[in-house]
Colleague: 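Handing you a structure now.
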Amino acid sequence: RPGCVLELTPINRRILAARIRVRGDKFDRLLEASFEAAVFDRKAFDERGVITNRYIERTAASAFKRREAARRRWHRDQGVK
């Protein structure tokens, strides 16, 4: 499912920086390096302020499919249409 992204809002930046135990300026340098290494899609970041890549989207699509299948099984088992 395309569109599985993380919006890099100021709060998300702080959360991510804290998770990897770096300060904001170092986080920005790491983010820039990740674009240069093609870890994240720079175009998506520049245009929409989000980070993503094909792996993230593929993994999310797989998770969405599993959840939908589980939801259908549950509805079937409960007699819900």
Side-chain angles (χ1 to χ4, degrees):
R1 175 173 173 175
C4 299
V5 300
L6 174 65
E7 186 176 359
L8 209 51
T9 62
I11 188 71
N12 284 345
R13 277 180 183 266
R14 286 194 303 272
I15 290 168
L16 290 173
R19 291 290 305 264
I20 60 173
R21 295 186 171 96
V22 297
R23 292 205 166 126
D25 57 330
K26 178 140 188 181
F27 177 80
D28 291 338
R29 289 195 307 272
L30 289 169
L31 185 62
E32 184 61 34
S34 72
F35 292 134
E36 291 171 7
V39 173
F40 295 120
D41 182 345
R42 179 182 290 281
K43 183 178 178 185
F45 181 75
D46 290 343
E47 291 177 357
R48 298 179 287 148
V50 299
I51 55 174
T52 191
N53 62 29
R54 286 189 312 234
Y55 176 76
I56 291 169
E57 292 191 6
R58 188 174 55 238
T59 302
S62 175
F64 289 136
K65 286 178 186 174
R66 287 191 311 272
R67 289 180 195 144
E68 182 58 32
R71 189 175 300 114
R72 282 194 305 271
R73 282 192 306 274
W74 184 87
H75 281 226
R76 183 195 64 219
D77 294 347
Q78 300 299 315
V80 177
K81 290 189 178 195

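Worth saying up front: this structure is predicted, and the values here are computed from it rather than measured.
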Colleague: Between Ala44 and Thr52, which heavy-atom pair has the shortest distance, and what is it?
Modeller: CB-CG2, 4.1 Å
Colleague: Please tell me if the side chains of Leu8 and Leu31 come closer than 4.5 Å, counting only heavy atoms from C-beta onward.
Modeller: yes
Colleague: Decide yes or no for Ile20 and Leu30: does some side-chain heavy atom of the first lie under 4.5 Å from some side-chain heavy atom of the second?
Modeller: yes
Colleague: Between Thr9 and Arg13, do the side chains contain an N or O donor and an N or O acceptor separated by less than 3.5 Å?
Modeller: no
Colleague: Between Glu36 and Glu32, is there a side-chain heavy-atom distance shorter than 4.5 Å?
Modeller: yes
Colleague: Run the salt-bridge test on Glu68 and Arg73 with the 4.0 Å N-O cut-off and return the result as yes or no.
Modeller: no
Colleague: Does any part of the side chain of Leu6, heavy atoms only, come nearer than 4.5 Å to the side chain of Leu16, both counted from C-beta?
Modeller: yes
Colleague: Measuring from atom CZ of Phe45 to atom OG of Ser34, what distance do you get when rounded to the nearest 0.5 angstrom?
Modeller: 9.0 Å
Colleague: Can a donor-acceptor pair be found, under 3.5 Å and without considering hydrogens, that links the side chain of Asn12 to the backbone of Glu7?
Modeller: yes
Colleague: Within this structure, what is the CZ-CZ distance for the pair Phe27 and Arg19, rounded to the nearest 0.5 Å?
Modeller: 12.0 Å
Colleague: Mark yes or no for whether Ser62, through its side chain, and Arg58, through its backbone, hold a donor-acceptor pair below 3.5 Å.
Modeller: no
Colleague: Parallel, tilted or perpendicular for Phe35 and Phe40, by the 30°/60° rule?
Modeller: perpendicular
